[in-house]
Amino acid sequence: MQDVAIEVKDLRKEFGKVVAVDQVSFTVMESEIVGFLGANGAGKTTLIHLLLGLLTPSSGSIRIFGLSPASSRREILSFSNFASGYTSLPSNLTVKENLLVFSRLYQVKNPEKKILSLLNQLEIAHLQNKITGFLSAGELTRTCLCKALLNEPRLLFLDEPTAGLDPSIADKVCELLLNLRRETGLTIVYTSHNMRDVERLCDRIIFMKSGKIITQGIPLEIVRQFKQKSLEELFIQLVRK
Ligand SMILES: Nc1ncnc2c1ncn2[C@@H]1O[C@H](COP(=O)(O)OP(=O)(O)OP(=O)(O)O)[C@@H](O)[C@H]1O
Ligand SMILES: [Mg+2]
């Protein structure tokens, strides 16, 4: 039987007068890939930062495999990881040096072998000795994905991981994530504005608007339910309504 990976109840996060996450409740099962969708400013990144324990909720509760990010952040981080199309890494180190630093932090066994395998899977092995600050946006995104997979996470938070990737590489990243899920039972919480990637990856989507969940379900079922032709059309309809 699958475990509950994430359980969120009545979660709220205020930044002054802005309610970025507004009484949000949901469950993610182990091995599920759940995509959070919504317009710019809907609250997706704030939600991921709350799940990672980077932000403290104004109210509500979060359980990650039964643990609270407030009291068990270290333990949660030992089996989870995070990547985003917008994070950076120390820019004066080479790609390999950066990944070696994280390998040490994560206590990865045989780090050289693991790093090379990930670099090959993301097709950036030729960049291993390049200074990170000189990488293109898509190369940096792929390096961040390598970092996020170093500790063989059980739970992966991905905030727009395919932003800045060309369609061919984005497709390969989706394939890699689906293979990992099949092989290791990985759970993924994901955000993207690329509906093609969302359709390919997500078992379920949760649509947010102004901090609230407005609908959720299996992508193609929601598209049908709202009498739309595609996820992209559904997105536009829900955002503009
Ligand atoms: N540290 C902060 N201080 C003040 N307001 C914030 C802060 N972080 C986020 N916000 C606000 O909270 C709301 C939600 O922002 P968030 O970054 O979660 O949106 P998002 O759904 O990830 O959007 P995008 O698709 O553009 O990435 C926005 O109105 C944003 O301006
Ligand atoms: Mg965001």
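Counting convention: from 1, in listed order, for ligands and their atoms alike. Positions are given from 1 along the sequence.
Between D171 and R200 a salt bridge is recorded (basic side-chain N to carboxylate O distance below 4.0 Å). Electrostatic pairing of R12 and E14 counts as a salt bridge here, judged by a charged N lying under 4.0 Å from a carboxylate O. Classification of R181 and E32 as a salt-bridged pair fails, no side-chain N sitting under 4.0 Å from a carboxylate O.
For R104, there are no side chain to side chain donor-acceptor pair (under 3.5 Å) partners two or more places apart in sequence or in a different chain. Under the side chain to side chain donor-acceptor pair (under 3.5 Å) criterion, E123 pairs with K172, not counting sequence neighbours.
Around atom CD of E183, more than 12 heavy atoms belonging to other residues, nucleotides or ligands sit under 6.0 Å away.
Remark: K147 qualifies as a cation-pi partner of F102 under the 6.0 Å distance and 45° angle criteria applied to the six-membered ring.
Among protein atoms, those of element N, O or S found less than 2.8 Å away from the Mg ion (ligand 2) are T45 OG1.
Within 4.0 Å of ligand 1, contacts by protein heavy atoms are made from F15, V18, A20, A39, N40, G41, A42, G43, K44, T45, T46, E160, H193.
Both L140 and L156 are assigned to one and the same hydrophobic cluster, defined by single-linkage of ILVMFWY side chains at heavy-atom distances under 4.5 Å. Tracing side-chain contacts under 4.5 Å through hydrophobic residues (I, L, V, M, F, W, Y), one never reaches I33 starting from I48; they form parts of separate clusters.
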